[in-house]
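Take a look at the structure below.
The basis for the numbers below is simple: all heavy atoms, side chains too, and nothing from hydrogens, waters or symmetry mates.
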Amino acid sequence: MKTARLAVHLLVVLCMSQLAPAALAQKTAAPARPPDPTTDPLILSAGFLTAHPDLRYRLLGLEEMKQGKFEDAFRFFQRAAFYADKPSQGMVAEMLWNGQGIERNPSLAYAWMDLAAERGYAGFLGLRERYWNALTVEQRTQALAQGQEIYARYGDAAAQPRLATVLRRERRRLTGSRTGFAGNVQIYVPGPSGFEQIDGTKFYDERYWDPGQYQAWHDSIWMKPRVGRVSVGELEQIQRESPASRVPAIAPRIDAKEPETPLRDESKLGIRKDD
C-alpha cells in the first residue's frame, strides 16, 4: 500500500538527516552544511538536547518508532512539534494519515502536513498536495477548520517564540552569563577516562543558539534534503509557485499548554538525570 510506505520513508529521511551533512560531505560539490551537533556524543553529554527541545523530543520519537511503540512516538513528535520542529509535525501527519499509533484521521492529517509545509520545505509540500487530492469535499472542509486550532498552538508564530525563549534561557544557565557569551568558556564532561573538554566556541556556535540562525540551519537541511535517492511512491508534482497554506489565518497561542510525554531513560541521548 503506497500510503503505508510513506511514513516509513519519511522516517528514513528523518534518520538520515541526522547523518547526512557528514556522510555526504565528500559526495557533493555544494557548500558544506554546519556539522550536526546531534551526531557528537560529547556535545550531547554536555546538555545540548536539554536546551533544544525540538531535537530532544524528535529523537525520542524516533527511538520509540524504532521499538514499535507508535503511540508513545506520536506523543513525542507532538511535543517536538510544539517547539516548531517541522519534521516532527510531518511525522504526526503521516501517523494520522496511516492510523499508526492513533486512529486514522485524514482531515487532521492534512492539517498537520499543511503545518509541516509552512516554511516551504519541498518534501512536505509534496505530501501536503497528495493528501489534499485524496480528501473528499467534506474532509477538506473539516481539515481547514481543524487546521486553525493546530496553527494556533503549533504554527511558527506561536512555536518559534517559545523555542527562542528556551534557547536564550538555557544558554544563560549553562554559561552563567547574562548575555550567554561563550568567550573562553571550556566545558568539561565526565567520561570513562576522566573529564573530556569541549571548546565553548564549538558548543555555543551561534548557529545552534541564535533563534534566527538556528532556523536557517534547519532550513539548510530540510528545504531540499540531500539524503540520496529515497522513493516515496507517486508523489504529486509541485508547481513552481506551490499554493500557500489553505488554512485561514488565526492568532497564535504562544502560552498554549505543552503536550505531555511518558518518562523515558534519556541517557542514550546523552541527557543526564540532572539536566
Side-chain angles (χ1 to χ4, degrees), residues 7 10-21 33-34 36-39 44 48-66 72-96 101 108-109 111-125 127-128 147 150-170 207-225 227 245 252-254 256-261 264 266 269 271:
L10 183 54
L11 178 61
V12 169
V13 173
L14 279 165
C15 292
M16 292 180 70
S17 72
Q18 304 303 319
L19 305 174
R33 290 176 179 156
D36 186 342
T38 65
T39 64
L44 298 187
F48 186 88
L49 286 179
T50 301
H52 296 77
D54 54 330
L55 299 180
R56 176 182 188 171
Y57 296 116
R58 185 208 301 173
L59 291 177
L60 284 167
L62 288 171
E63 285 295 324
E64 299 297 287
M65 285 284 285
K66 292 174 186 177
D72 289 342
F74 183 85
R75 293 170 65 185
F76 279 115
F77 287 133
Q78 272 197 316
R79 193 164 182 179
F82 189 72
Y83 291 99
D85 191 58
K86 294 304 179 188
S88 292
Q89 292 169 5
M91 283 303 299
V92 169
E94 282 288 272
M95 296 179 80
L96 282 162
L108 192 58
W112 275 96
M113 192 58 77
D114 188 285
L115 177 65
E118 183 180 14
R119 296 178 202 155
Y121 295 166
F124 301 132
L125 283 170
L127 288 167
R128 183 192 72 176
I150 299 301
Y151 265 89
R153 294 186 64 194
Y154 298 92
D156 276 350
Q160 285 188 334
R162 219 179 269 141
L163 178 60
T165 297
V166 176
L167 291 174
R168 294 182 179 120
R169 181 190 68 217
E170 291 302 309
R207 290 171 291 196
Y208 311 130
W209 297 90
D210 175 78
Q213 292 189 49
Y214 187 56
Q215 180 180 323
W217 174 64
H218 281 285
D219 290 346
S220 73
I221 296 173
W222 291 101
M223 194 62 71
K224 291 184 179 180
V227 293
S245 171
R253 292 173 50 199
I254 299 174
K257 183 179 179 181
E258 182 174 1
E260 296 182 355
T261 47
R264 286 290 182 269
E266 300 182 48
L269 300 183
I271 298 177

Qualifying residues under side-chain contact (heavy atoms from CB on, under 4.5 Å), relative to Gln215, sequence neighbours excluded: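 Here the qualifying residues are Arg119, Gln160, Asp219.
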Sole residue of Arg58, His52, Arg79, His218 in side-chain hydrogen bond (donor to acceptor under 3.5 Å, both in side chains) with Asp85: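 Among Arg58, His52, Arg79, His218, the one that satisfies the side-chain hydrogen bond (donor to acceptor under 3.5 Å, both in side chains) with Asp85 is Arg58.
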Residue pair [X] / [Y]: nearest heavy atoms and the distance that separates them:
{"X": "Gly90", "Y": "Ala116", "result": "N-CB, 3.6 Å"}
{"X": "Arg56", "Y": "Leu49", "result": "CB-O, 3.5 Å"}
{"X": "Ala111", "Y": "Gly147", "result": "CB-CA, 3.6 Å"}
{"X": "Pro53", "Y": "Val166", "result": "CD-CG1, 3.8 Å"}
{"X": "Ala159", "Y": "Ala81", "result": "CB-O, 4.3 Å"}
{"X": "Ala164", "Y": "Pro211", "result": "CB-CG, 3.6 Å"}

For [Y], does its backbone N or O pair with a side-chain atom of [X] as donor and acceptor, under 3.5 Å?
{"X": "Glu118", "Y": "Asp156", "value": "yes"}
{"X": "Arg253", "Y": "Arg153", "value": "no"}
{"X": "Tyr154", "Y": "Trp112", "value": "no"}

Would you compute the distance between atom [atom1] of [X] and atom [atom2] of [Y] and round it to the nearest 0.5 angstrom?
{"X": "Phe82", "Y": "Gln89", "atom1": "CZ", "atom2": "CD", "value": "11.5 Å"}
{"X": "Met113", "Y": "Met91", "atom1": "CE", "atom2": "CE", "value": "9.0 Å"}
{"X": "Leu108", "Y": "Leu96", "atom1": "CG", "atom2": "CG", "value": "5.0 Å"}

Stepwise side-chain contact (heavy atoms from CB on, under 4.5 Å) check, Leu55 with Tyr208: CA-CA 11 Å; Leu55 299 180; Tyr208 311 130; over 6 Å; no
Parallel, tilted or perpendicular: ring planes of Tyr57 versus Phe76, cut at 30 and 60 degrees: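 Judged by the thresholds at 30° and 60°, the geometry between Tyr57 and Phe76 is parallel.
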Tyr83 and Glu258 side chains, donor-acceptor separation under 3.5 Å: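 Per modelled atom types, Glu258 and Tyr83 side chains form a pair under 3.5 Å.
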Test: Arg264 and Glu64 ion pair at under 4.0 Å: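 Yes, Arg264 and Glu64 are salt-bridged.
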Does some side-chain heavy atom of [Y] sit less than 4.5 Å from a side-chain heavy atom of [X]?
{"X": "Phe77", "Y": "Leu62", "answer": "yes"}
{"X": "Thr261", "Y": "Leu60", "answer": "no"}
{"X": "Gln78", "Y": "Met95", "answer": "no"}

By ring-ring contact (aromatic ring centres under 6.0 Å, His included) - contacts of Phe74 (at least two apart):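 Partners of Phe74 under the ring-ring contact (aromatic ring centres under 6.0 Å, His included) test: none.
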Trace of the side-chain contact (heavy atoms from CB on, under 4.5 Å) decision for Tyr121 with Lys86: CA-CA 9 Å; Tyr121 295 166; Lys86 294 304 179 188; 3.7 Å; yes
